[in-house]
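Values reported hereafter were calculated over all heavy atoms of this structure, with side chains retained and with hydrogens, waters and symmetry mates removed. Sequence positions, counted from 1, serve as the residue numbers for this chain.
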Amino acid sequence: MAAPTVLRDDEHIDVDDDQILSDVDSAIGNDAESYTTSLKSSVLAFKYENGRRYHADRTSAGTVYWAPNDEAELQRLDMHHHIIRLRLGKTLHLAPLADPQRILDIGTGTGIWAIEMGDLYPSAQILGNDLSPVQPSSVPPNVSFEVDDIESDWAYNAPFDYIHSRSMAGSLKDWPRLMRQAFQHTKPGGWVEFQDFEMHWYTQQGEFKPGCLLDKWCQEAIEAFQRAGLEPEPGPKLKQWVEDAGFVNIHHELLPIPIGPWPKDKALKEIGTFDIVQFLENMEGLSMRIFTTLANYTPEEVLALCAKLREELRNPRLQAMHDLHVVYAQKPLSVV
């Protein structure tokens with residue numbers, strides 16, 4: 001297993017001065033037992049807004065999920081999975097698992113992580129849950145999916161050896177409650193792992209500046225989520241929440257992710273290339289519902305904003321990056 005590259009406070013990601021952003025496309029290259037969820041008709045009653053498809057129902061916390069669930073978004077999520085896997089050193093998790101038999105994937109999305117875990121741990125039963133039933137029906141026999149709202153009460157009748165959550169920024173109102181439920185449903189000695197982002201972007205030596213359009217976009221999105229009572233930047237808070245819930249042996253990794261193919265390091269260059277592609281190709285999907293429902297933009301204003309954001313993103317001297325936080329921890333063998 002390759003170890004993830006972690007930067008100390010005094011380290012920098014070196015820039016490849018010869019890299020130009022127009023090379024992004026060529027750099028990418030061409031690169032249950034089954035589906036057991038019982039669905040109500042309302043789950044499939046998706047809502048269509050501004051040319052995109054969304055989950056229709058409100059969650060138990062009274063919120064409406066901000067991201068689309070159409071084919072374009074599912075492709076972005078699979079690319080996002082690839083980015084995180086590369087950044088973790090081409091592995092699916094950092095927690096030191098030993099023959100896990102029951103695994104829960106919170107907010108499974110396309111189900112790609114759960115499916116790959118099913119192949120990696122063929123003796124384990126992997127369950128993925130999500131608000132939308134968008135996962136494939138052809139999966140390993142030890143993988144299943146269910147439609148569920150993780151902010152409601154969990155009703156599992158057996159604990160899990162490992163609970164995994166990833167990229168839930170802007171999705172939840174009550175993270176401490178999620179951690180308490182995860183603690184309750186983890187076996188003594190079992191592990192949890194939470195991987196999430198800070199929305200703020202920054203640079204070490206590039207032209208990304210506070211107050212630039214991309215910085216304003218990040219800040220407006222953060223403020224919009226906060227007005228809705230949602231947590232936009234769970235990453236830096238994960239460690240404390242996990243500790244407060246009662247977990248021990250807590251490990252925290254801070255993994256900067258470049259946006260663009262500007263690093264000299266080959267692995268980081270590949271990660272940055274995929275990352276900028278997901279932003280360039282999906283800026284509208286990342287912005288439309290947030291800005292039209294929470295920030296009073298018109299759809300036309302969002303489209304105009306996204307065009308300007310893509311123009312700024314294509315600046316090879318921008319050298320922006322954002323931080324992924326990975327926290328994994330263990331439930332004590334004996335709980336008082």
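Pairs of residues two or more places apart, or lying in two chains, that qualify as ring pair (Phe, Tyr, Trp, His ring centres under 6.0 Å) and include a residue from residues 111-137 are H93-Y121, W113-H164. The side-chain hydrogen bond (donor to acceptor under 3.5 Å, both in side chains) analysis of residues 223-233, with sequence neighbours excluded, yields the pairs H200-E233, Q219-E223, E231-K237. Within the structure, salt bridge (charged side-chain N to carboxylate O under 4.0 Å, His left out) contacts touching residues 317-327 (residues at least two apart or in different chains) are E207-R317. A salt bridge (charged side-chain N to carboxylate O under 4.0 Å, His left out) check over residues 119-129, counting only residues at least two apart or in different chains, returns nothing.
For D161 and R102, the salt-bridge test fails: no basic side-chain N is under 4.0 Å from an acidic carboxylate O.
With N129 contributing its side chain and G107 its backbone, the two residues share a donor-acceptor pair below 3.5 Å. Side chain of D275 to main chain of I259: no donor-acceptor pair is present (N/O by atom type, distance under 3.5 Å, no hydrogens or angles).
For H185 and F160, the distance between ring centers is not under 6.0 angstrom. Less than 6.0 angstrom separates the ring centroid of H80 from the ring centroid of F197.
When all heavy atoms are compared, the tightest approach of A124 to I103 is CB-CD1, 4.2 Å. Contact record, Q181 with I150: NE2-O, 3.8 Å, taken as the closest heavy-atom pair. Taking both residues in full, the closest heavy atoms of F183 and P332 are given as CE1-CD, 3.8 Å, listed atom of the first, atom of the second, then distance. A pairwise comparison of heavy atoms in T273 and P261 identifies OG1-CB, 3.0 Å as the closest pair. Taking every heavy atom of both residues into account, I115 and V139 meet most closely at CD1-CG1, 3.8 Å.
Among L77, D78, I83, the single residue meeting the side chain to side chain contact (heavy atoms under 4.5 Å, CB included) criterion with Q278 is I83. Between F194 and the choices K239, H325, M179, the side chain to side chain contact (heavy atoms under 4.5 Å, CB included) rule is met once, by M179.
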_Test log, rule side-chain hydrogen bond (donor to acceptor under 3.5 Å, both in side chains), inputs Q195 and Y328_ = CA-CA 9 Å; Q195 306 169 1; Y328 58 96; over 6 Å; no

_Quick one, D153 with R177, criterion salt bridge (charged side-chain N to carboxylate O under 4.0 Å, His left out). Give me CA distance, side-chain angles, the key distance, then yes/no._
CA-CA 10 Å; D153 292 336; R177 183 172 186 266; 2.2 Å; yes

For a quick test of your reading: what N or O donor-acceptor pairs under 3.5 Å do the side chains of residues 302-311 make, sequence neighbours left out?
| residue | atom | partner | partner atom | Å |
| --- | --- | --- | --- | --- |
| R310 | NH1 | E284 | OE1 | 3.1 |
| R310 | NH1 | E284 | OE2 | 2.9 |
| R310 | NH2 | E284 | OE2 | 3.3 |

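With sequence neighbours excluded, no residue satisfies side chain to side chain donor-acceptor pair (under 3.5 Å) with T186.
To the nearest 0.5 Å, atoms CD (E312) and CG (D215) are separated by 9.0 Å. Atom CE in M199 sits 6.5 Å away from atom CD1 in I222 (nearest 0.5 Å).
Ring planes of W175 and W241: parallel class, angle under 30° (limits at 30 and 60°).
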